[in-house]
Amino acid sequence: MTFSQKCYQMLKTVPCGRVTTYGDLAKALGRSGASRAVGRAMNTNPNAPTVPCHRVVMSDGCLGGFAFGINKKIKILQQEGIKIENEKVVDFAVHS
DNA sequence: GCCATGGCTAGTA
DNA sequence: GCCATGGCTAGTA
């Protein structure tokens with residue numbers, strides 16, 4: 001199992017209405033500091049809606065990126081009940 | 001050698 | 001705003 005595959009697997013455990021961060025995902029996989037690598041894995045995510053890439057944001061609440069455009073990411077997150085103010089997640093809690 | 005990051009410093013107001 | 005980090009891809013030999 002490659003690192004990216006483990007990312008996808010871990011990410012699937014993040015429920016609707018919750019978000020996690022690149023860094024925390026990396027740490028959860030025992031690769032603390034590989035946050036950037038996680039971002040890369042998200043970018044090249046093969047199966048779009050199955051793995052909830054849109055639920056991954058930056059450690060300060062900023063949105064990070066999205067393969068289908070940042071606006072799309074905002075839209076989806078809002079549909080899931082996440083509040084976003086000026087391109088930042090407001091009440092952001094991390095899934096353990 | 002690229003980034004969908006993150007933590008830390010310098011240095012402004 | 002700088003730079004260390006880490007997994008990955010393109011593309012050379």
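Since this is a predicted model, take the numbers as computed values, not measurements.
The two atoms that bring A:Tyr22 and A:Gly64 nearest to each other are OH-CA, 3.9 Å, heavy atoms only. Between A:Lys73 and A:Gly65 the shortest heavy-atom distance is NZ-O, 2.9 Å. In terms of heavy atoms, A:Ala26 sits closest to A:Val38 at CB-CG2, 3.8 Å.
Taking atom CZ of A:Arg31 as the reference point, atom C1' of B:dG6 lies 18 Å away to the nearest angstrom. In this entry the distance linking CG of A:Asn45 with P of C:dG7 reads 18 Å, nearest Å. With rounding to whole Å, A:Leu25 atom CG is found 16 Å from C:dG6 atom P. The CZ atom of A:Arg40 sits 7 Å away from the C1' atom of C:dT9 (whole-angstrom rounding). Atom pair A:Phe3:CZ and C:dT9:P shows a separation of 13 Å (rounding to whole Å applied). Following rounding to the nearest Å, A:Met1 (CE) and C:dC8 (C1') show an atom-to-atom distance of 18 Å. Rounded to whole angstrom, the span from the NZ atom of A:Lys88 across to the P atom of B:dG6 amounts to 12 Å. Between the NZ atom of A:Lys27 and the C1' atom of B:dT5 there is a distance of 13 Å, given to the nearest Å.
Distances were taken from every side-chain heavy atom of A:Met42 (C-beta onward) to each of C:dG7, B:dG6, B:dA4; the shortest belongs to B:dA4. Closest to the side chain of A:Thr21, from the set B:dG6, B:dA4, C:dG7, is B:dG6. For A:Ser4, the side-chain atoms get nearest to C:dG7 when compared with the rest of B:dA4, C:dA4, C:dG7. If you check B:dG6, B:dA4, C:dT5 against the side chain of A:Ser35, the one that comes closest is B:dG6.
Listed pair A:Arg36 / B:dA4 fails the phosphate criterion, with no side-chain N or O lying under 4.0 Å from OP1 or OP2. Taking side-chain N and O atoms only, A:Ser59 has a distance below 4.0 Å to OP1 or OP2 of B:dG6. When the side-chain nitrogen and oxygen atoms of A:Thr2 are compared with OP1 and OP2 of C:dC8, one or more of them lie within a distance under 4.0 Å.
Counting any heavy atom pair closer than 4.0 Å across all strands shown, A:Tyr22 reaches a base atom. Residue-level contact check: A:Ala41 touches neither bases nor backbone, having no heavy atom under 4.0 Å from any strand.
Using Watson-Crick or G-U wobble geometry with both donor-acceptor distances under 3.5 Å, C:dC3 finds its partner in B:dG6. Pairing for C:dG11 is absent, with no Watson-Crick or G-U wobble pair whose two atom distances lie under 3.5 Å.
Dense packing is recorded around CD of A:Gln79, with more than 12 heavy atoms of other residues, nucleotides or ligands lying under 6.0 Å away.
If A:Gly33 and A:Thr44 are placed on DNA chain C by their nearest nucleotide, the residue sitting closer to the 5' end is A:Gly33.
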Do A:Val89 and A:Leu63 pass the side chain to side chain contact (heavy atoms under 4.5 Å, CB included) test, and can you show the C-alpha distance, the side-chain angles, and the key distance before you say yes or no? CA-CA 7 Å; A:Val89 173; A:Leu63 290 174; 3.9 Å; yes

